[in-house]
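Here the structure is laid out as structure tokens; the discussion comes afterwards.
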Amino acid sequence: VYGDVPYSQAMKGSGNPTPAYDKGLDIYKALLREIDAGLALINAAVVSTTNANKDIATNDIMFNGNKTMWNKFANTLKLRMLIHCYAVGAIDKAAEMAIINANGNGFLGAGENAQINPGYSGNDKGNPFFNAYITNTDGSGSANNVYYKANEWGIEYYKWDGDPRRPRFYVAGNGGLIGVPYGIPPVAQYAAAEVAGIGPALNKGATAPQWLMTSSESFFLQAEARFRGIITSGPSAQQLMTSGIYESFTYTGVTNPVTSADTYISNNASYPDVDYAGGVQYPGGPVGGLYTIKKKKWFAMNGYA
């Protein structure tokens, strides 16, 4: 996103007020190795009732001292990076996947969401998303809750596909589940109180965990990596994408998520936004595959990314 930035000499304050710029490629390579170094520290840690790590289960606000989950999270984070640089020949994807495979823990799987909760409680110590986008720490309405409203493109796309996540991502305004068209000047019809706002899939309350990476994203990353040949064995790209849809329906709180997801997929057969196997939306248009993975990832991660 930013290109060359200070990295290796950064964050030293007055010790180095003019840090050198590092190349983006070098930073990516360094980050992959730093994840390895972090995992080595985690995996080598000895936890007992008598050493300094004895309280790790409560001090670790993400995985409660579960080393396996930290390994899965790290591997999934690496996979996200490899997807970002899929076309960068200077990063050896096969070699990086060999390291991930040698780790042996795989990626975040079904129901395995990387999220933190240091003890969120009430409005004054609430979930940061809740405090930023729903209610201020003093209990008053957040300005962001007024400002950030549904856009017509997104909310109508969910409707077009008959997607049951629509009322989970959005909560109806006075005008119902409607969004604001792009570029429209301020008019009463689209005043904040009239249009849909942030729904319960995102607004899980002041005490809910704060997500960092969802299992749904993990499966969509795996699906793309399988499609691109970065992952070369195991479930197909289509199977991984379908798992991503299941996980999204579950995490967003859709009733009977797997059954609902299967119905959703069936009802959109031959429609390439949902049907991986093909179908043409319009002459010369997309026909599934990677296009479908990307579309389903967007609709699963709306608001989470």
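These figures come from a predicted structure and were not determined experimentally. Hydrogens, waters and symmetry mates are skipped; everything else that's a heavy atom, side chains included, is used.
Remark: of the listed residues Glu247, Glu217, Lys72, Lys72 is the sole one forming a side chain to side chain contact (heavy atoms under 4.5 Å, CB included) with Leu108. Of the listed residues (Thr250, Thr252, Ile245), just one forms a side chain to side chain contact (heavy atoms under 4.5 Å, CB included) with Ser248, and that residue is Thr252.
Annotation: the span from Asn131 atom CG to Asn127 atom CG amounts to 7.0 Å, rounded to 0.5 Å. Note that the CD atom of Gln210 and the CD1 atom of Ile116 stand 6.5 Å from one another [nearest 0.5 Å]. Considering CD1 of Ile178 and OH of Tyr170, their distance stands at 13.0 Å, rounded to 0.5 Å. From Ile27, atom CD1 reaches atom CG of Leu32 across 12.0 Å, with rounding to the nearest 0.5 Å. Going from atom CD1 of Ile42 over to atom CG of Asn66 covers 10.5 Å, rounded to the nearest 0.5 Å. Atoms OH and CD, from Tyr21 and Gln9 in turn, are 12.0 Å apart once rounded to the nearest 0.5 Å.
Between Trp211 and Phe129, the ring-plane angle classifies as tilted under the 30° and 60° cut-offs. Using cut-offs of 30° and 60° on the angle between ring planes, the pair Trp153 and Trp298 is perpendicular. Using cut-offs of 30° and 60° for the angle between ring planes, the Phe63 and Trp70 rings count as perpendicular. Taking the six-membered ring where the residue is Trp, Tyr271 and Trp160 present tilted rings, their angle falling between 30° and 60°.
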Quiz prompt | Derivation of the side chain to side chain contact (heavy atoms under 4.5 Å, CB included) call for Thr58 and Asp55 | solution = CA-CA 6 Å; Thr58 52; Asp55 295 323; 4.0 Å; yes

(message) Walk me through whether Asn105 and Thr68 qualify under side chain to side chain contact (heavy atoms under 4.5 Å, CB included).
(response) CA-CA 7 Å; Asn105 289 283; Thr68 299; 3.6 Å; yes

Step-by-step salt bridge (charged side-chain N to carboxylate O under 4.0 Å, His left out) determination, Arg33 to Asp36: CA-CA 5 Å; Arg33 301 289 72 82; Asp36 289 339; 2.8 Å; yes

Would you please test Ser215 and Asn113 for side-chain hydrogen bond (donor to acceptor under 3.5 Å, both in side chains) and show each step? CA-CA 5 Å; Ser215 58; Asn113 301 293; 3.3 Å; yes

Query - Pair Tyr7-Asp26, side-chain hydrogen bond (donor to acceptor under 3.5 Å, both in side chains): steps then yes or no - result: CA-CA 10 Å; Tyr7 176 71; Asp26 293 337; over 6 Å; no

(request) Step by step, work out the side chain to side chain contact (heavy atoms under 4.5 Å, CB included) result for Ile91 and Lys93. (result) CA-CA 6 Å; Ile91 292 181; Lys93 269 69 73 177; 4.2 Å; yes

>> With side-chain hydrogen bond (donor to acceptor under 3.5 Å, both in side chains) as the criterion, how do Ser216 and Thr214 come out once you've worked through the C-alpha distance, each side chain's angles and the decisive distance to 0.1 Å?
In response: CA-CA 5 Å; Ser216 179; Thr214 64; 4.7 Å; no

key: Verdict with reasoning, Asp22 to Ser8, per side-chain hydrogen bond (donor to acceptor under 3.5 Å, both in side chains)   = CA-CA 7 Å; Asp22 295 280; Ser8 60; 3.1 Å; yes

Evaluate side chain to side chain contact (heavy atoms under 4.5 Å, CB included) for Val274 paired with Lys296, printing each intermediate quantity in order. CA-CA 7 Å; Val274 182; Lys296 298 331 300 165; 3.8 Å; yes

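A heavy-atom distance below 4.5 Å is found between the side chains of Lys297 and Leu221. Side-chain contact between Leu79 and Met97 is present, with heavy atoms from C-beta onward closer than 4.5 Å. In this structure, the side chains of Ile134 and Leu202 stay at 4.5 Å or more apart for every pair of heavy atoms. Using a 4.5 Å cut-off on side-chain heavy atoms (C-beta onward), Met62 and Gln115 make no contact. Using a 4.5 Å heavy-atom cutoff, the side chains of Pro128 and Tyr120 are in contact. Using a 4.5 Å heavy-atom cutoff, the side chains of Asn145 and Phe130 are not in contact. Val47 places none of its side-chain heavy atoms less than 4.5 Å from the side chain of Lys54. By the 4.5 Å heavy-atom criterion applied to side chains, Glu156 and Arg166 are counted as neighbours.
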Just distance, no hydrogens or angles: give the donor-acceptor pairs under 3.5 Å from side chains in residues 236-243, sequence neighbours left out.
{"residue": "Ser236", "atom": "OG", "partner": "Gln239", "partner atom": "N", "Å": "3.1"}
{"residue": "Ser236", "atom": "OG", "partner": "Gln239", "partner atom": "OE1", "Å": "3.4"}
{"residue": "Gln239", "atom": "OE1", "partner": "Ser236", "partner atom": "N", "Å": "2.8"}
{"residue": "Thr242", "atom": "OG1", "partner": "Gln238", "partner atom": "O", "Å": "3.0"}
{"residue": "Ser243", "atom": "OG", "partner": "Gln239", "partner atom": "O", "Å": "3.2"}

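The hydrophobic clustering, which links ILVMFWY residues whose side-chain heavy atoms are closer than 4.5 Å, places Leu82 and Leu31 together. Two different hydrophobic clusters hold Val254 and Tyr246 under the rule that ILVMFWY side chains link at heavy-atom gaps under 4.5 Å. Criterion: ILVMFWY side-chain heavy atoms under 4.5 Å apart, direct or through other members. Under it, Met213 and Met69 are part of a common hydrophobic cluster. No chain of hydrophobic side-chain contacts below 4.5 Å, direct or via other Ile, Leu, Val, Met, Phe, Trp or Tyr residues, connects Phe73 to Leu41. Val5 and Val88 fall within a single hydrophobic cluster, where Ile, Leu, Val, Met, Phe, Trp and Tyr are joined by side-chain heavy atoms under 4.5 Å apart, directly or via other members.
The nearest pair of heavy atoms linking Pro164 to Tyr264 is CD-CD1, 4.4 Å. Between Gly106 and Asn75, the shortest heavy-atom contact is O-ND2, 2.9 Å. Smallest separation of non-hydrogen atoms from Gly234 and Arg226: O-NH2, 3.3 Å. Residues Ile35 and Leu77 approach most closely at CD1-CD2, 3.9 Å, considering heavy atoms. Across all non-hydrogen atoms, the minimal contact from Ile198 to Val171 is O-CG1, 3.3 Å. Annotation for Phe169 and Ala201: closest pair N-CB, 4.1 Å, computed over non-hydrogen atoms.
Listed for the Asn43 side chain is a donor-acceptor partner under 3.5 Å among the backbone atoms of Leu39. Side chain of Lys149 to backbone of Glu194: no donor-acceptor contact under 3.5 angstrom is found. Looking at Asp275, its side chain never comes within 3.5 Å of a backbone N or O of Ala269 through a donor-acceptor pair. For Ser260 (side chain) and Asn256 (main-chain N/O), a donor-acceptor pair under 3.5 Å exists by modelled atom type.
Annotation: cation-pi geometry not satisfied between Arg168 and Tyr251 (NZ/CZ under 6.0 angstrom from ring centroid, within 45° of ring axis).
No hydrogens or angles considered: nothing links the side chains of Asp163 and Tyr157 as a donor-acceptor pair under 3.5 Å.
The ring pair (Phe, Tyr, Trp, His ring centres under 6.0 Å) test applied to Phe227 returns no partner, not counting sequence neighbours.
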